[in-house]
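Worth saying up front: this structure is predicted, and the values here are computed from it rather than measured.
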Amino acid sequence: MSTESAAVAAHPAAAPSLTAVFVRLKLTLLRNGLRQSTGRTLAYVSSVIVGLLFASGVVVGLIALRGNAHVGALVVLLTGILTLGWASMPLFFPASDETLDPTRLVMLPLRPRPLIVSLLVASLVGIGPVVTLALVTGSVIAVADGAAAAAVGVVAVVLVVLVCVSLARAVATASVRLLTSRRGRDLAVLGGLFIALGAQGVNIAAQKLGRSDGLAVLEPLGNVLRWVPPVSAVGAVDDAGHGAYGRALAGLGLTVLALVLLLWWWQRTLTTLMTSPDSSTLQAVEKDSARRGGERGLARLLSRGRTGTVILRTLRYGWRDPKSKMSWATALAAGLLVPVISAVQGNGSIYTAFSAATLLGMQMYNQFGQDTSAFWMVASTIATPRDAYQELRARALALALVAVPYVTLVVIGSAALIGPWSAFLEVYGLSLAVLGALLATGALSSALFPYSIPSEGNKNVAPGQGAIAWFSLFGGVVAGAVLCAPLLGLTVWLHVAGLHHLLWVLLPAGVVYGVGIAVLGLRLAAPRVAGRLPEILGAVSKG
């Protein structure tokens, strides 16, 4: 062996840094993703420009507020919103970053601790960390007063960004198997709903802030959030500027402790993820366990006949099918949100509780289209009007199992938040009547105006069936309102005549009327379903 070979053998080439490899991997994934299409490149560039413009505007605004007595509460709230966003984005948008899936690294000989360091550094590459860095820096500049506060601010900026990125990574690692499963895709579908609700909440808060005495209204919330890491690091800058060095040290210590705990949790979940079997390995065991366990929960309580089977199937569709779940979740959230928004804005009425019955009752429409291509299996079990009636009745009962308790809670909550309690029985009875009327018109509309819901994509109506869907839904709702006219007339008469002590009769009248009109609608719809099965099957199969 030559001297040169011996030297090479004695001093082998050093392995490349794992962190550098992961940073290059992140950049390569980003570059290759942008090369896929011009549209994707334009979308990414546009998002970068919008993100930077937004961050620049916020930073300029924060700097302009420097010296305001209550700016500390504002930056604390802003940091809290940033942290919440980092924690929730991996759950709602799991496909936004391919590097969030550590299961791709399972087969590589990597130890958790250096892997975490490399993933953390690679996670700092992107528009999200840059925008966060800018916003946190602007927050620190807005509250930093003096050299001590500036020094604390430098540490605070680094800690906040590291905590936010570590939190996102730890959450993604802990829930990666959920996010890559069917339930995870369902959660991603629901992400838009939660964002819409959150935007509405921000809108309400902004309106309330505009009507108040300025930023002072944020002080109570800021006093609580300033002790929650990593917000406590930004609060520490404010404390240092006012000479409260003990509080500043405690705020930084809380954030450091949170970072250490996050990294420990991330390492623990990463180790478990990369060493434990996944669901495909345990599939046979789970199936065998399910067979031994038998039926559980609601399935045990329901009858084994057609009614119980259809109720269970309907509820499972609502829980498992992404579009059905989205429809149910939207109705439940919006039905609750309407009275809450009215109460917060100060111009609410207990009658806004009708939104709960209306939106839940609308779930009865296009029942067969919700089955998509599986409806042919249901159609094969319907031979007579009696079969159709049992099918429709069971679907209505499944909806009522959710709607009646939900409507009850919303009306009680509206009476408590908005009032008056004296109107509770009246509104509750009318809500149940509205629910029954919509169950009736929904059954008839499902029989007369069925339409297809495409299984893929974001469309809820197949091409060419839009007019049918609009007429089915809005025509049915108008018909439901007309069916409630007798009870509405009775309500108006009791108020005009001053017979307020008799308004309680609207509760039993609403229950009886709602049940009666629902049964009548189901019986009228049943023969039409049985007689129009081929047309219904053709209509719902177009997607």
**Request:** Would you mind telling me which of Val155, Val75, Val152, Val154 makes a side chain to side chain contact (heavy atoms under 4.5 Å, CB included) with Val237?
**Result:** Val152

**side-chain contact (heavy atoms from CB on, under 4.5 Å) between Leu135 and Leu82, worked out** = CA-CA 9 Å; Leu135 294 178; Leu82 274 175; 3.7 Å; yes

Rounded to the nearest 0.5 Å, what separation is found between the [atom1] atom of [X] and the [atom2] atom of [Y]?
X: Thr314; Y: Leu401; atom1: OG1; atom2: CG; result: 10.0 Å
X: Thr79; Y: Leu74; atom1: OG1; atom2: CG; result: 9.0 Å
X: Arg169; Y: Leu162; atom1: CZ; atom2: CG; result: 13.5 Å

Show every donor-acceptor pair shorter than 3.5 Å between a side-chain atom in residues 252-266 and any protein atom, with sequence neighbours excluded, or say none if there are none.
residue: Thr255; atom: OG1; partner: Ser232; partner atom: OG; Å: 2.9
residue: Thr255; atom: OG1; partner: Ala233; partner atom: N; Å: 3.3
residue: Thr255; atom: OG1; partner: Gly251; partner atom: O; Å: 3.2
residue: Trp266; atom: NE1; partner: Thr173; partner atom: OG1; Å: 3.2

In the structure I gave you, are the side-chain heavy atoms of [X] and [Y] within less than 4.5 Å of one another anywhere?
X: Ser139; Y: Val143; value: no
X: Asn223; Y: Val76; value: no
X: Val130; Y: Leu52; value: yes
X: Pro339; Y: Leu417; value: no
X: Thr83; Y: Pro230; value: yes
X: Leu62; Y: Ile141; value: no
X: Leu332; Y: Leu360; value: yes

To check you understand the geometry: which heavy-atom pair defines the closest contact between [X] and [Y], and what is its length?
X: Ala87; Y: Leu167; value: CB-CD2, 3.5 Å
X: Pro129; Y: Ser123; value: CG-O, 3.2 Å
X: Trp227; Y: Ala250; value: CZ3-CB, 4.1 Å
X: Leu399; Y: Trp328; value: CD1-CH2, 3.2 Å
X: Gln367; Y: Met364; value: CG-O, 3.0 Å
X: Asp238; Y: Gly72; value: OD2-CA, 4.0 Å

Has the side chain of [X] got a donor or acceptor atom that lies under 3.5 Å from a matching backbone atom of [Y]?
X: Arg66; Y: Ala144; answer: yes
X: Tyr317; Y: Leu312; answer: no
X: Asp145; Y: His242; answer: no
X: Gln370; Y: Tyr365; answer: yes

**Request:** Answer yes or no: does atom CZ of Arg268 have more than 12 heavy-atom neighbours from other residues, nucleotides or ligands under 6.0 Å?
**Result:**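 No, the 6.0 Å shell around CZ holds no more than 12 heavy atoms from other groups.
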
**Asked** Do Leu336 and Tyr406 pass the side-chain contact (heavy atoms from CB on, under 4.5 Å) test, and can you show the C-alpha distance, the side-chain angles, and the key distance before you say yes or no?
**Response** CA-CA 9 Å; Leu336 180 62; Tyr406 177 75; 3.5 Å; yes

